[in-house]
There are 2 protein chains.
Amino acid sequence: MSPITIRDVAKRAEVSIKTVSRVLNQEAYVKEETRAKVEDVIQELRYVASLSARRLASGQSFTIGLIVYNASWHYLHNVQKGVMETAQAHGYNVLLHPCDITIPQEIQKVLDLVHQRQVDGLIFTPPADNASALIEELKNLDVPFNRLSPTDRKSPLPYVATTDKQGAFDMTKYLIGLGHQRIGFVYGPKEQRAPHDRFSGYRQAISEANIGFEENLIVYGDDHFQSGLQAATSLLAVNSRPSAIFCNNDEMAAGAISAVFESGMRVPEDVAIAGFDNTPLAKQIYPPLTTIEQPIFQMAEVATKHLFKIINGDDLENLHVEIPTKLIIRKSTGFQR
Amino acid sequence: MSPITIRDVAKRAEVSIKTVSRVLNQEAYVKEETRAKVEDVIQELRYVASLSARRLASGQSFTIGLIVYNASWHYLHNVQKGVMETAQAHGYNVLLHPCDITIPQEIQKVLDLVHQRQVDGLIFTPPADNASALIEELKNLDVPFNRLSPTDRKSPLPYVATTDKQGAFDMTKYLIGLGHQRIGFVYGPKEQRAPHDRFSGYRQAISEANIGFEENLIVYGDDHFQSGLQAATSLLAVNSRPSAIFCNNDEMAAGAISAVFESGMRVPEDVAIAGFDNTPLAKQIYPPLTTIEQPIFQMAEVATKHLFKIINGDDLENLHVEIPTKLIIRKSTGFQR
DNA sequence: TTGTAAGCGTTATCAT
DNA sequence: ATGATAACGCTTACAA
């Protein structure tokens, strides 16, 4: 059972291997008749070209690397799906590569990936893009890459992000519209960019509504359930407690809901709770969570499409893209007060 | 900036390329002195061998394929992690390959993967192993593979599974121990094996306790939230309703909790709810869910280790492995009644 | 212990 | 429009 090679096809079709190669790669200058004959033989022999040989001979890897660090599984899942589907459409594979960017050796491994020609391009998920020395080096090596929601958005490097600030603004405005005057805010990890953007959206909505910003309604969390529970617990202990709590993500919002229940109060009657991201969790808790949808899948898709343009040397009409968020209203914020 | 090749290293180290190759592959019969010199040069030149060339020359792909169909995110995430970590330790990559086993063309793509020499072995996640024609073909082609929780466990093909029946038995017994006499059971998708195993564990515990099996306490769901909600709603409508509901997975249990709340009752005071899998969701809902932990990560790890043994032609001491589940007690089942 | 030469199965070059 | 032949960068006989 030795594998069928391009030579077998060539012999059977009575053409040269180069002609078979031309058919394989859809090159021009092949007589329709010849093409048809070769294709028939390919079918007949169930021939599939060896990827390894293609890679070696062409110098391309036909795979794109997805660099990930500390991503939540919901985030990762959607990014991976978006990248994979787009890559597949281009005949590419995806190599998922976790990388602890705080360890120099791990950074080196990403560079090895490139030097080994294992990838033709890279996609960075946050906060992996914070490895600025790596990014710099890749830029110098002229390695194609794209970034999802990077911290740095001032350099002329490409990225795809979402409207974090606008999303938080929309949510806060919605809560204000429901009649809330005192809205708690649970911050996410300070090392990341999104929590700051979201906070500034909250802040702006508060300002525009003239309801006065209160420092003691801001609490810090780490995006995980437990910290959301703690944050909400402490907010409920503030004298004249907030009537609504807006959390940096859904998981903390779930924690906040638990905190409210544990304190013997109800959601949304006593306290309204809102999240961010619209993860599956949002629909799976009681009461279902009002939140902001972040179009992760779509972002990954666009980022990958752009990456292919860069790989192919095409011009990018938009180096920087922002895909809008969307307010998703559910029961956890209740009705007009 | 043309890439550094094995020839550059050989020249600089004043040895033949074969010697460099020997050092690279940790082969025997290299003088310590020579090895050291070659390694120095490798460091100095930051040389990394081309994977494509290695693959082509050796006929190995250094990649294992992970075949997935319809997996939940939590499941997939853990499997992928287990497979990747083990693969990485062996210097292997992982190629995630979704495959709708109901479509012949997709089955063909898996075979192409093999014929293209893109993978040295495969891991199947349920219910992808149900593609029995594919499995048969792979066996005939002598392609190494391993299966996670397969439906068929009678053939001498390798697999790694968990103790679904025992887990469900443990949970049911625990509920009975709390004083429950009428325990609803929400079934999962009938096409899969696990729901049946879990049901038979439930059934056995009921029998052993002599509390009488009641057909109308069994409802069918599809493992998703909404169906759990519906299933629980219908169970609560049964006259002399169950005091506990055991769901085939956590997501449906979350739905059941929502159903109880929506009907104005409380969990666990009025109805106890239990799940299966111990997904993150179990801790993120209120009240936190009593469930059975399924060691997905560990199973994937073992399955991959075994796959490498098969690839290397080593003997498998255990062709079939079952890793135990574990009862996780939280508030959703409350205390003794 | 080390080296020479012949593949591996493609793509690329340059004729024709 | 097609073909002969040389890469691609490594591993694998087989020598030495």
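In what follows, chains are A, B, ... by sequence order, proteins preceding strands, each numbered from 1. On a predicted model such as this, the values are computed, not experimentally measured, just so you know.
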Exercise for the section: Check the distance between dT11(C)'s P and Arg7(A)'s CZ and give it to me in whole angstrom. Expected result: 12 Å
Problem - Ring geometry between His320(A) and Tyr159(A) (parallel below 30°, tilted from 30 to 60°, perpendicular above 60°) - result: parallel
Handout entry: side chain to side chain contact (heavy atoms under 4.5 Å, CB included) against Ala57(B), all qualifying residues, sequence neighbours excluded
Key = none
Handout entry: Rounded distance (Å) that lies between atom P of dC8(C) and atom CG of Leu51(A)
Key = 19 Å
Exercise for the section: Would you kindly give the CD1-to-C1' distance between Ile4(A) and dT10(C), to the nearest whole Å? Expected result: 16 Å
Practice task
Take atom CD of Gln118(A) and atom P of dC10(D), then tell me their distance rounded to the nearest Å.
Solution key: 13 Å
Exercise for the section: Return the value, rounded to whole Å, for the distance between atom CG of Leu56(B) and atom P of dT11(D). Expected result: 11 Å
Handout entry: Pair Arg147(A) + Asp152(A), salt bridge at N-O below 4.0 Å
Key = yes
Problem - Closest nucleotide among dG9(C), dC10(D), dT11(C) to the Tyr47(B) side chain - result: dC10(D)
Fill in the blank from the handout: Rounded to whole Å, CD of Glu33(B) lies from P of dT1(C) at a distance of 12 Å
Listed pairs, N/O of protein and of nucleotides 2-6 of chain C, under 3.5 Å:
from: dT2(C); atom 1: OP1; to: Thr34(B); atom 2: OG1; distance (Å): 2.4
from: dT2(C); atom 1: OP2; to: Lys31(B); atom 2: N; distance (Å): 2.7
from: dT2(C); atom 1: O4; to: Arg22(B); atom 2: NH2; distance (Å): 3.1
from: dG3(C); atom 1: OP2; to: Ser16(B); atom 2: N; distance (Å): 2.8
from: dG3(C); atom 1: OP2; to: Ser16(B); atom 2: OG; distance (Å): 3.0
from: dG3(C); atom 1: OP2; to: Thr19(B); atom 2: OG1; distance (Å): 2.6
from: dG3(C); atom 1: N7; to: Arg22(B); atom 2: NH1; distance (Å): 3.4
from: dG3(C); atom 1: O6; to: Arg22(B); atom 2: NH2; distance (Å): 2.8

Exercise for the section: Using whole Å, report how far CG of Leu24(A) lies from P of dA12(C). Expected result: 12 Å
Practice task
Using a heavy-atom cut-off of under 4.0 Å over every strand shown, decide if Arg55(B) touches base, sugar-phosphate, or nothing.
Solution key: nothing
Practice task
Mind telling me whether His90(B) and Phe308(B) have parallel, tilted or perpendicular rings, with 30° and 60° as the class edges?
Solution key: parallel
Practice task
Grab the CZ-C1' distance between Phe62(B) and dC10(D) for me, whole Å please.
Solution key: 10 Å
Practice task
Please tell me which of Val20(A) and Ser58(B) maps to the more 5' nucleotide of DNA chain C, matching each residue to the nucleotide holding its nearest heavy atom.
Solution key: Ser58(B)
Problem - Glu301(B)/Lys81(B) salt bridge by N-O under 4.0 Å criterion - result: no
Handout entry: Under-4.0 Å salt bridge between Lys37(B) and Glu32(B)
Key = no
Handout entry: Phosphate OP1/OP2 of dT10(C): any Ser21(A) side-chain N/O under 4.0 Å
Key = no
Problem - Asp112(B)/Arg46(A) salt bridge by N-O under 4.0 Å criterion - result: no
